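All remarks here apply to the structure that follows.
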2 protein chains.
Amino acid sequence: MSAERSSRRSPPRARGARVEAFDPFGQPHPAVAVDVILFTIAGRELRVLLIDRQLPPFAGHKALPGGFVRVDESLDEAAARELEEEAGVRVRWLEQLYTFGALERDPARRVISVAYFALIDAAGLAPRAGTDATAVGWFDVRRLPKLAFDHAQMIAYAHERLRYKTEYAPVAFQLLPNDLTLGQLQAVYEVILGKPLDKRNFRRKVLGLDILEPTGELRQEGRGRPAALYRFRARRFADLGGGVVLDF
Amino acid sequence: MSAERSSRRSPPRARGARVEAFDPFGQPHPAVAVDVILFTIAGRELRVLLIDRQLPPFAGHKALPGGFVRVDESLDEAAARELEEEAGVRVRWLEQLYTFGALERDPARRVISVAYFALIDAAGLAPRAGTDATAVGWFDVRRLPKLAFDHAQMIAYAHERLRYKTEYAPVAFQLLPNDLTLGQLQAVYEVILGKPLDKRNFRRKVLGLDILEPTGELRQEGRGRPAALYRFRARRFADLGGGVVLDF
DNA sequence: GTTCAATAGTGTCTATAGGACACGAAATGA
DNA sequence: TCATTTCGTGTCCTATAGACACTATTGAAC
């Protein structure tokens, strides 16, 4: 939701007053925001990026990065921009999740929020606080703090979509570096799905999909026998099953 | 789409001027609309409901029913209301499809549109023109006229979602009366999926789902041997796989 | 340098789901 | 009564996925 998150355009005002946007004919009108659920994998946990809200409503609560959509940018652009501004994170791929439009989801005014979700590999784990948000951090989706607005619902829905999508589309690769081992990949699947997988069945299936090519190199994964490295053969993200590829 | 569809709140104005909504701080702001893709089955075709636009932009074009979201209604309510006002159709069930937010999708101003889709059985085939729209009609999805805004894209996406959903959720029942024959049901599946299905495999699968109970009656379907009637055991729509149940 | 601990890598059997496939039964209309 | 239309039924085959256990290679500890 995101009301008043953009401090740039949200001067302090009286609490309790319901302030609305207006259409060209002077009628009150819902405002439009985007919120982004950004997942990563670390420590065998699925984590989501949250920021600290500074302004009411929900000042002091954790919230998803997000903010109002500008009139000169698309929804996809707004989501990518807010993620970069508020969390200092650039993503290659975004997918629209759902649009939340309940009347009282923002207690201060009527805001409709288009939720997006995105995935990032562990290398992007150190987000810098952006201009708008002071603190940024990663939280285990199974142990979330109290969240502003309906952000808990958004995260739950995003997690569900991620689970479904993992079953039929190669989205899990977004959570790993380009070169990866089958052990890493299986660990990612196990974290997302929340259950252990059989190693032999997993390898048979993944290798049968013909989306991995061996690099010929080996990698030492802690101790133990070194594992063969593979590279994800993304056909320009054509088979990610929807979503938006950001080209930069 | 849907800009200026609500004639009630859209007086004539100069062409070409880009009129925007404003947020509480005087900044230009996107407006929010809903559009509804309503499908039915008739004449072994999948048909979609379209209305005639009266006002620019795209005056004279066919368009989806839809309009601006009011500040005192949820998105779901707005979609149901517009469908009833513009097309005289009440539906029991709606599902949010996608939110379209490209900059130039409405040439007159910035409008973000939340698309919904809904299904209705053939008994609802005679929609009355509502207050806003003069003419309402059903069109074969394979042979659509030129459409306003990005409505052709919306319909294509809705059709795709309907196909996917048909494979795993019992949505097809929305397109048939309460009491139905397996022949009718198979015909609906064949129209949605666009391919013939094997009768014996179809019956084995559907009956194995345990969602149909025989009423014990027979129905004469034209000529030929009478068919057994079944009733869909909707567990309060709990297994429709998402969407909004409207209770009235 | 031997042993231990940790991870990598490999094949078979079985159960289930789904696709292909053809004919007799019951009704209507000519 | 005959031709036409739709209803209703069972078997085989194949593909997919789950269950299941052992050897190989490395680093660390002793």
Side-chain angles (χ1 to χ4, degrees), chain A residues 41-44 122 163-170 172 176-177 179-232, chain B residues 41 43-44 122 163-170 172 176-177 179-232 239:
Chain A
I41 300 249
R44 291 195 74 87
R163 275 192 300 260
Y164 281 132
K165 218 162 162 121
T166 300
E167 305 267 16
Y168 68 88
L176 288 170
D179 289 9
L180 52 98
T181 70
L182 291 179
Q184 286 179 300
L185 187 61
Q186 181 174 347
V188 166
Y189 272 78
E190 288 176 338
V191 169
I192 292 174
L193 299 176
K195 63 182 182 190
L197 300 174
D198 180 84
K199 197 205 297 196
R200 282 166 293 186
N201 293 338
F202 179 81
R203 295 161 99 91
R204 173 180 12 129
K205 183 168 182 180
V206 169
L207 293 176
L209 290 176
D210 197 38
I211 52 175
L212 283 180
E213 51 185 0
T215 66
E217 317 232 321
L218 299 180
R219 175 184 293 165
Q220 198 72 19
E221 198 70 36
R223 31 192 161 288
R225 175 176 171 180
L229 279 175
Y230 292 84
R231 186 164 297 142
F232 176 46
Chain B
I41 300 248
R44 291 196 75 87
R163 275 192 301 261
Y164 281 130
K165 218 162 163 126
T166 299
E167 305 267 16
Y168 68 89
L176 288 169
D179 290 8
L180 52 97
T181 70
L182 292 179
Q184 286 179 303
L185 187 62
Q186 182 174 346
V188 166
Y189 271 78
E190 288 178 338
V191 169
I192 294 174
L193 299 176
K195 65 183 180 190
L197 300 174
D198 180 84
K199 197 204 298 195
R200 283 166 294 186
N201 294 338
F202 180 80
R203 294 161 98 91
R204 179 192 353 144
K205 183 166 182 181
V206 169
L207 293 175
L209 291 176
D210 197 39
I211 52 175
L212 282 180
E213 52 186 359
T215 65
E217 317 232 323
L218 299 180
R219 175 183 292 164
Q220 196 71 19
E221 197 71 36
R223 23 187 170 291
R225 177 174 169 180
L229 279 175
Y230 292 84
R231 187 164 296 142
F232 176 47
D239 45 9

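Being a predicted model, the structure only gives us computed values, none of them experimental. The figures that follow rest on heavy atoms only: side chains count, while hydrogens, waters and symmetry mates do not. In what follows, chains carry the letters A, B, and so on, assigned in the order in which the sequence lines appear, proteins first and then strands, with residues in each chain numbered from 1.
In this view, R163(A) and H159(A) satisfy the side chain to side chain donor-acceptor pair (under 3.5 Å) rule, not counting sequence neighbours. By the ring pair (Phe, Tyr, Trp, His ring centres under 6.0 Å) test, Y189(B) pairs with F202(B), sequence neighbours left out. With sequence neighbours left out, the salt bridge (Lys or Arg N to Asp or Glu O under 4.0 Å) criterion links R231(A) to D179(A). Scanning for salt bridge (Lys or Arg N to Asp or Glu O under 4.0 Å) contacts around E190(A) gives R44(A), with sequence neighbours left out. Not counting sequence neighbours, R225(A) has no partner by the salt bridge (Lys or Arg N to Asp or Glu O under 4.0 Å) test. For the side chain to side chain donor-acceptor pair (under 3.5 Å) test, residues two or more places apart in sequence or in another chain that qualify with R204(A) are N201(A).
A heavy-atom distance below 4.0 Å to DNA chain C is reached by these residues of residues 181-200 of chain B, ordered by number: D198(B), R200(B).
When all heavy atoms of A172(B) and L185(B) are compared, the pair lying nearest together is CB-CD1, 4.3 Å.
Among residue pairs with one or both ends in residues 191-203 of chain B, none qualify as salt bridge (charged side-chain N to carboxylate O under 4.0 Å, His left out); sequence neighbours excluded. Residue pairs meeting the ring pair (Phe, Tyr, Trp, His ring centres under 6.0 Å) criterion with at least one member in residues 203-227 of chain A, sequence neighbours excluded, do not occur.
Contacts between chain A and DNA chain C, taken as any atom within less than 4.0 angstrom of a protein heavy atom, begin and end at dA6(C) to dT12(C).
The CZ atom of R219(A) sits 18 Å away from the C1' atom of dG27(D) (whole-angstrom rounding). Rounded to whole Å, the distance from CZ on R225(A) to C1' on dT25(D) is 5 Å.
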Sub-3.5 Å pairs of nitrogen or oxygen atoms, protein against nucleotides 14-18 of chain D:
unit_1	atom_1	unit_2	atom_2	d
dA17(D)	N7	R204(A)	NH1	3.1
dG18(D)	N7	R204(A)	NH2	3.4
dG18(D)	O6	R204(A)	NH2	3.1

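DNA chain D is contacted by both A227(B) and G224(A); A227(B) maps to the nucleotide lying nearer its 5′ end (nearest heavy atom per residue). Remark on DNA chain C: of its neighbouring residues R223(A) and L207(A), the 5'-side contact belongs to R223(A), judged by nearest-heavy-atom nucleotide.
No more than 12 heavy atoms of other residues, nucleotides or ligands sit less than 6.0 Å from atom CZ of R223(A).
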